[in-house]
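Please read all numbers here as calculations on a predicted model, not as lab measurements.
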Amino acid sequence: MAIWLTKDSKVIVQGMTGSEGSKHTRRMLAAGTNVVGGVNPRKAGQKVDFDGTELPVFASVADAMKETGADVTVIFVPPQFTKAAVVEAIDAGIDLAVVITEGVPVHDTAAFWAYNVAKGERTRIIGPNCPGIASPGASNAGIIPADITGSGRIGLVSKSGTLTYQMMYELRDIGFSTCVGIGGDPIIGTTHIDALAAFEADPETDAVVMIGEIGGDAEERAAEFIKANVTKPVVGYIAGFTAPPGKTMGHAGAIISGSAGTADAKKAALEAVGVKVGKTPTETAKLMREIMSGR
């Protein structure tokens, strides 16, 4: 089983005819993802060949959903057009929108998230500035490599794309139910807590790896949620122990301000609720390996 993205998911790609959208559509198809079409108003009615698979281009998300039954969209559009693309997906009522685009203005993300809330949060948004979501052996929506791990019973939620890939590789022999890269921007659609709740409810996920980083208080809030709601084992890793205060480290949200948002504070909060926290990704994988060896 998997959360949010399964073998039955029907995926469309907003921006499929662009360079990045085209490249990753081809890669998603190769991974077995059921990609059913793309969206580009200027090229509606055309078909694009991906190594023998012809995919139709629609004028809108609503048209694509009507014709194909799509329930997932992956968004590969430039930052200045991302808000409009997400709002279009929300208006169409699609279940899941995976926003890959990096460099989306924070006020645009705030605007489309507020719009989604006003619409009843019918659409789950992952991202922006994220690698996407992969359920190994079932489906892959985004840019997560499809060949670095197999299916299994570990859930993974991570702010960092690179660390998502590393953890998948470290635990490749055990495998994952679903891997979710939530993105490292100051405002994101899906949080650690959202993923933890879904993994807790998933009968085929036995344990969870949670990867965070310096800046903000998302990990501390996740710790409170784990204490109150999560019964499955959780192991964690916090990136940024050596980051200098006041410096943004890779992600726009990864910045320490005063004593808030430090790796040590986040590690302490997680350990206080029984989460084992590794000092490195490899040590974190070892902690998870020990947990899964007893199951």
Donor-acceptor pair, distance only, cut-off 3.5 Å: does the side chain of Thr82 make one with the backbone of Pro78? yes
Side chains of Gln166 and Thr282: closer than 4.5 Å at any heavy-atom pair? yes
Test side chain to side chain contact (heavy atoms under 4.5 Å, CB included) on Phe199 and Val234 and set out the steps. CA-CA 10 Å; Phe199 285 131; Val234 180; over 6 Å; no
Taking all non-hydrogen atoms of both residues, which atom of Pro79 and which atom of Pro105 are closest, and how far apart? O-CD, 4.2 Å
Kindly indicate whether the side chain of Leu156, heavy atoms from C-beta on, has any atom under 4.5 Å from the side chain of Ile211. yes
Passes salt bridge (charged side-chain N to carboxylate O under 4.0 Å, His left out), Lys23 versus Glu20? Steps please. CA-CA 5 Å; Lys23 177 174 69 176; Glu20 289 299 309; 3.5 Å; yes
Starting at CZ of Arg289, measure out to CD1 of Ile174 and round the result to the nearest 0.5 Å. 4.5 Å
Apply side chain to side chain contact (heavy atoms under 4.5 Å, CB included) to the pair Ile148 and Arg172, showing each step before the final yes or no. CA-CA 7 Å; Ile148 55 175; Arg172 62 194 180 281; over 6 Å; no
Ignoring hydrogens and angles, tell me if any N or O in the side chain of Lys266 forms a donor-acceptor pair with the backbone of Gly212 under 3.5 Å. no
Gap between atom CE of Met167 and atom CD1 of Ile154 - 0.5 Å precision: 9.5 Å
Does Glu204 offer a backbone N or O that forms a donor-acceptor pair with the side chain of Asp202 under 3.5 Å? yes
Group every Ile, Leu, Val, Met, Phe, Trp and Tyr by side-chain heavy-atom contacts under 4.5 Å, then state whether Val77 and Val48 land in the same group. no
Pairwise side-chain contact, Val86 with Thr123, heavy-atom cut-off 4.5 Å (strictly under): no
Please report the interatomic distance CG(Asn129) to OG1(Thr101), rounded to the nearest 0.5 Å. 9.0 Å
Can you pull the salt bridge (charged side-chain N to carboxylate O under 4.0 Å, His left out) pairs that have at least one residue in residues 61-79, sequence neighbours excluded? none
For the residue pair Glu213 and Leu163, establish whether any side-chain heavy-atom pair is separated by less than 4.5 Å. no
Hey, is Asp95 close enough to Arg122 for a salt bridge, meaning N to O under 4.0 Å? yes
Could you tell me whether the side chain of Val72 reaches within less than 4.5 Å of the side chain of Ile133, counting heavy atoms only? no
Of all heavy-atom pairs linking Ala222 and Ile193, the shortest is CA-CG1, 3.8 Å
Roughly how far apart are Met28 CE and Ile144 CD1, rounded to 0.5 Å? 11.0 Å
Sequence-distant partners of Lys227, salt bridge (Lys or Arg N to Asp or Glu O under 4.0 Å), two or more places apart: none
Can Leu196 and Phe225 be said to form a side chain to side chain contact (heavy atoms under 4.5 Å, CB included), step by step? CA-CA 8 Å; Leu196 287 164; Phe225 181 84; 4.1 Å; yes
Look at the side-chain heavy atoms of Ile, Leu, Val, Met, Phe, Trp and Tyr, link any pair under 4.5 Å apart, and say whether Ile90 and Ile188 land in one connected group. no
With ILVMFWY side chains joined below 4.5 Å, transitively, what does Ile12's cluster contain besides itself? Val36, Val39, Val61, Met65, Ile94
Backbone of Leu5 reached by a side-chain donor or acceptor of Ser139 within 3.5 Å: no
Which heavy atom in Glu219 sits nearest to a heavy atom in Gly215, and how many Å separate them? OE1-O, 4.1 Å
Salt bridge (charged side-chain N to carboxylate O under 4.0 Å, His left out) contacts touching residues 77-94 (sequence neighbours left out): none
Val275 with Met292, same ILVMFWY side-chain cluster at under 4.5 Å: yes
With sequence neighbours left out, the residues meeting salt bridge (Lys or Arg N to Asp or Glu O under 4.0 Å) with Arg27 are none
Measure across Ser151 and Pro136 and return the closest heavy-atom pair with its distance rounded to 0.1 Å. CB-O, 3.3 Å
Do any pairs count as a side-chain hydrogen bond (donor to acceptor under 3.5 Å, both in side chains) and have a residue in residues 28-41, sequence neighbours left out, and if so which ones? Thr17-Asn40
Answer yes or no: is there a donor N or O on one side and an acceptor on the other, between the side chain of Arg153 and the main chain of Pro203, under 3.5 Å? yes
Without hydrogens or angle criteria, can the side chains of Thr73 and Gln14 be said to hold a donor-acceptor pair below 3.5 Å? yes
Do Ile125 and Val99 touch side chain to side chain, with heavy atoms closer than 4.5 Å? yes
Are Ile143 and Val13 linked, directly or through other ILVMFWY residues, by side chains that come within less than 4.5 angstrom of each other? yes
To the nearest 0.5 Å, atom CD of Glu170 lies from atom OG1 of Thr149 at 11.0 Å
Gap separating the CD atom of Glu290 from the NZ atom of Lys286, nearest 0.5 angstrom: 6.0 Å
Search all heavy atoms of Leu171 against all heavy atoms of Ala285 and return the closest pair with its distance. CD2-O, 3.5 Å
How close do Pro41 and Ala59 get, counting heavy atoms only, and between which atoms? CG-O, 3.4 Å
Test of understanding: clusters of I, L, V, M, F, W, Y form through side-chain heavy atoms closer than 4.5 Å, transitively. Do Val98 and Phe81 belong to the same one? no
Side chains of Ser160 and Tyr237 in contact at under 4.5 Å (non-hydrogen atoms): no
Contact check, side chains of Thr25 and Phe50, non-hydrogen atoms, under 4.5 Å: yes
